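Because the structure is a prediction, the values reported are computed rather than measured.
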Amino acid sequence: IGWIITLGVQPAHQQRGVGLALLLRAEQRVKGSAVRLTVRESNTPAIILYRHTGYDVIDHKYGYYRDRETGLIMEKSLESEKAISQSENP
């Protein structure tokens with residue numbers, strides 16, 4: 001399992017596909033069968049992006065952030081995507 005530690009987009013560049021591009025590039029670099037990340041429970045735009053790209057909440061880390069906000073641990077399986085990629089590029 002790979003982890004995406006930090007992924008952020010400056011407010012002036014949000015809602016333009018930059019976050020999606022960064023996320024997909026990070027996923028391509030993961031060598032494992034799944035990827036996980038932690039997101040603030042209040043970060044609705046990021047949670048929507050992650051859900052739309054196949055992530056599910058697998059755990060809650062109460063008080064995870066310095067300001068004591070809960071972090072959502074989200075995970076996405078990469079197995080099917082890697083199988084498709086390998087069949088397209090033998």
So which atom in [X] and which in [Y] form the shortest heavy-atom distance, rounded to 0.1 Å?
{"X": "Ser33", "Y": "Glu79", "result": "CB-OE2, 2.5 Å"}
{"X": "Leu49", "Y": "Gly19", "result": "CD2-C, 4.1 Å"}
{"X": "Gln15", "Y": "Pro45", "result": "NE2-CB, 4.5 Å"}

Distance check, rounded to the nearest 0.5 Å: [X] atom [atom1] versus [Y] atom [atom2]?
{"X": "Thr70", "Y": "Tyr65", "atom1": "OG1", "atom2": "OH", "answer": "10.0 Å"}
{"X": "Ile73", "Y": "Lys61", "atom1": "CD1", "atom2": "NZ", "answer": "6.0 Å"}
{"X": "Thr53", "Y": "Glu27", "atom1": "OG1", "atom2": "CD", "answer": "6.0 Å"}
{"X": "Leu72", "Y": "Asp56", "atom1": "CG", "atom2": "CG", "answer": "12.0 Å"}
{"X": "Leu23", "Y": "Gln28", "atom1": "CG", "atom2": "CD", "answer": "10.0 Å"}
{"X": "Arg51", "Y": "Thr44", "atom1": "CZ", "atom2": "OG1", "answer": "10.5 Å"}

Is there a chain of hydrophobic side chains (I, L, V, M, F, W, Y, each step under 4.5 Å between heavy atoms) that links [X] to [Y]?
{"X": "Ile1", "Y": "Val39", "result": "no"}
{"X": "Leu20", "Y": "Val30", "result": "yes"}
{"X": "Ile4", "Y": "Ile58", "result": "no"}

Expected list for residues 6-14: side-chain donor-acceptor pairs under 3.5 angstrom, two or more places apart:
unit_1	atom_1	unit_2	atom_2	d
Gln14	NE2	Val9	O	2.9

List the steps, then state whether side-chain contact (heavy atoms from CB on, under 4.5 Å) holds for Trp3 with Thr38. CA-CA 9 Å; Trp3 280 86; Thr38 306; 3.7 Å; yes
Arg40: partners by salt bridge (charged side-chain N to carboxylate O under 4.0 Å, His left out), with sequence neighbours left out: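 So Arg40 forms a salt bridge (charged side-chain N to carboxylate O under 4.0 Å, His left out) with Asp67, Glu69.
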Test item: Tyr55 and Ile47 side chains (from C-beta on) under 4.5 Å apart, heavy atoms: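 No. Closest side-chain heavy atoms not under 4.5 Å.
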